[in-house]
Number of protein chains: 2
Amino acid sequence: MGVTSPTAESLVVPCCPPITTSELSAEQAESAAVMFKALADPVRLRLMSKVAAAEGGEACVCDLLDVGVAQPTVSHHLKKLREAGLLTSRKQGTWVYYAVAPGALTSMAAILDASR
Amino acid sequence: MGVTSPTAESLVVPCCPPITTSELSAEQAESAAVMFKALADPVRLRLMSKVAAAEGGEACVCDLLDVGVAQPTVSHHLKKLREAGLLTSRKQGTWVYYAVAPGALTSMAAILDASR
DNA sequence: CCCATATGTTGACAGACGTCGATATCTTGG
DNA sequence: CCAAGATATCGACGTCTGTCAACATATGGG
């Protein structure tokens, strides 16, 4: 295990309206906070960036180990990003490839709105 | 005090390139994390939303107290959002009005990029 | 002037979080 | 099959964070 199940986690739900449009409900805020929490760490931001900027749209874990923390810590952060629905993972032989979940970044940007 | 100084905190620095464009450096990730950390809490997300969606673009603290936590906690969260550069504040008589810092949301959305 | 109202500050506490070393699991090559 | 490499899990530790009650500060009205 350790690889994203095909049915869940990779789905992109619209979640919330732009915060400039209407006040978020407690439930909407709770679910949006999960995504922002996932990016609220320098190491996870760098991991997201490495994956998002990788050619082919995916990166092997072995290419994500140079972020200044130990390997178990990298694994822990990747799990968080997966659980937040921001990354998907795919196992190929010995290696695991991570990719940005389709629509994840767009749906976060949508919450922020681009009109201010 | 307690009101945003006019010179700092409200400035919008571009901070970082889109994460899909190039890998974030440790320093860039650190400073971007400050902003995402600020939104990584349901209460703060609701506060941002209330301010952002307010008519006139600003809201009195007295209109921000119905988010399910005590008044000191609201004050604490507003301070965090101010320090992160996401909100500005203005004192008028007994009341303090909060507004979204110009460019703050846009600059966060820019980091996420809108191309995926 | 003093009191009610609005907002911020302080100190304390429980729980969440980031980090690591040790270890487990899985896969491939020999 | 067994050793080596890649990745995940576990358990522990220190630190950060959200929360509140109590208090402090400031403003305007009577």
Side-chain angles (χ1 to χ4, degrees), chain A residues 1-5 9 26 29-30 32-48 50-51 54 58-84 86-99, chain B residues 1-5 9 26 29-30 32-48 50-51 54 58-84 86-99:
Chain A
M1 220 149 304
V3 171
T4 302
S5 93
E9 284 185 355
E30 205 78 45
V34 171
M35 295 191 292
F36 283 101
K37 245 190 252 278
L39 291 188
D41 179 273
V43 173
R44 287 197 292 269
L45 270 172
R46 293 187 72 190
L47 291 174
M48 273 301 283
K50 274 177 174 291
V51 172
E58 57 179 13
C60 172
V61 175
C62 58
D63 291 327
L64 302 173
L65 293 176
D66 57 339
V67 289
V69 294
Q71 175 266 325
T73 306
V74 171
S75 192
H76 170 248
H77 284 307
L78 289 173
K79 184 180 186 178
K80 287 265 197 136
L81 289 168
R82 240 190 303 124
E83 291 173 340
L86 300 186
L87 287 182
T88 61
S89 64
R90 166 178 80 84
K91 188 165 189 176
Q92 183 171 8
T94 312
W95 299 278
V96 176
Y97 291 89
Y98 280 81
Chain B
M1 217 141 312
V3 170
T4 303
S5 94
E9 285 186 354
E30 205 77 45
V34 172
M35 296 191 292
F36 283 100
K37 248 189 251 277
L39 291 188
D41 179 274
V43 172
R44 287 198 291 271
L45 269 173
R46 294 187 71 190
L47 291 174
M48 274 300 283
K50 274 177 174 291
V51 172
E58 57 180 12
C60 171
V61 175
C62 57
D63 291 327
L64 302 173
L65 294 176
D66 57 337
V67 288
V69 294
Q71 174 268 324
T73 306
V74 171
S75 192
H76 169 249
H77 284 307
L78 289 173
K79 184 179 186 179
K80 287 266 195 135
L81 289 168
R82 239 190 305 125
E83 290 173 342
L86 299 187
L87 288 182
T88 62
S89 64
R90 165 178 82 84
K91 188 165 190 176
Q92 183 171 6
T94 312
W95 298 278
V96 176
Y97 292 91
Y98 281 80

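Predicted, not measured: the structure shown is a model, and the values here were computed from it. Just so it is clear: chains get the letters A, B, ... in the order the sequence lines come, proteins before strands, and each one is counted from 1.
Remark: P of dA26(D) and CZ of R90(B) are 20 Å apart, rounded to the nearest angstrom. Rounded to an integer number of Å, the gap from CG of L87(B) to P of dG8(C) is 11 Å. Remark: C1' of dG5(D) and NZ of K91(A) are 12 Å apart, rounded to the nearest angstrom. If you measure from atom OH of Y97(B) to atom C1' of dT27(D), you get 13 Å, rounded to the nearest angstrom. Summarising the geometry, the separation between CG on L47(A) and P on dA8(D) is reported as 11 Å, rounded to the nearest angstrom. In this structure, NE2 of H76(B) is placed 13 Å from P of dG8(C), rounded to the nearest angstrom. If you measure from atom CG of L81(A) to atom P of dC17(C), you get 14 Å, rounded to the nearest angstrom. Across the protein-nucleic acid pair, E30(A) atom CD and dA16(C) atom P stand 13 Å apart, rounded to whole Å.
Contact check, K80(A) against dG18(C): a side-chain N or O comes under 4.0 Å of OP1 or OP2. Within the 4.0 Å cut-off from OP1 or OP2 of dC20(D), at least one side-chain nitrogen or oxygen of T73(B) is found. Distances shown here put a side-chain N or O of H77(B) below 4.0 Å from the OP1 or OP2 atom of dT19(D). Dashed line: the shortest gap from a side-chain N or O of Y98(A) to OP1 or OP2 of dA8(D) is under 4.0 Å.
The CZ atom of F36(B) lies 6.0 Å from the CG atom of L45(A); values are rounded to the nearest 0.5 Å. Going from atom CG of D41(A) over to atom NZ of K37(B) covers 6.0 Å, rounded to the nearest 0.5 Å. Rounding to the nearest 0.5 Å places CG of L78(A) at 4.5 Å from OH of Y98(A).
Taken residue by residue, residues 63-71 of chain A places heavy atoms nearer than 4.0 Å to DNA chain D at Q71(A). Residues of residues 37-46 of chain B having a heavy atom closer than 4.0 Å to DNA chain C: none are found.
Under the side chain to side chain donor-acceptor pair (under 3.5 Å) criterion, the residue pairs touching residues 61-78 of chain B are R44(B)-H77(B), K50(B)-D66(B), with sequence neighbours excluded.
Here A38(B) pairs with L81(B), A84(B), L86(B) under the side-chain contact (heavy atoms from CB on, under 4.5 Å) rule; sequence neighbours left out.
The two atoms that bring A29(B) and P42(A) nearest to each other are CB-O, 3.5 Å, heavy atoms only. In terms of heavy atoms, V67(B) sits closest to V43(B) at CG2-CG1, 4.1 Å. Across S89(B) and V96(B), no two heavy atoms sit closer than the pair CB-CG1, 4.0 Å. Looking at every heavy atom in both residues, L64(A) comes nearest to L47(A) through O-CD2, 3.6 Å.
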Identify each atom pair where a protein N or O and an N or O of nucleotides 28-30 of chain D are less than 3.5 Å apart, giving names and distance.
none

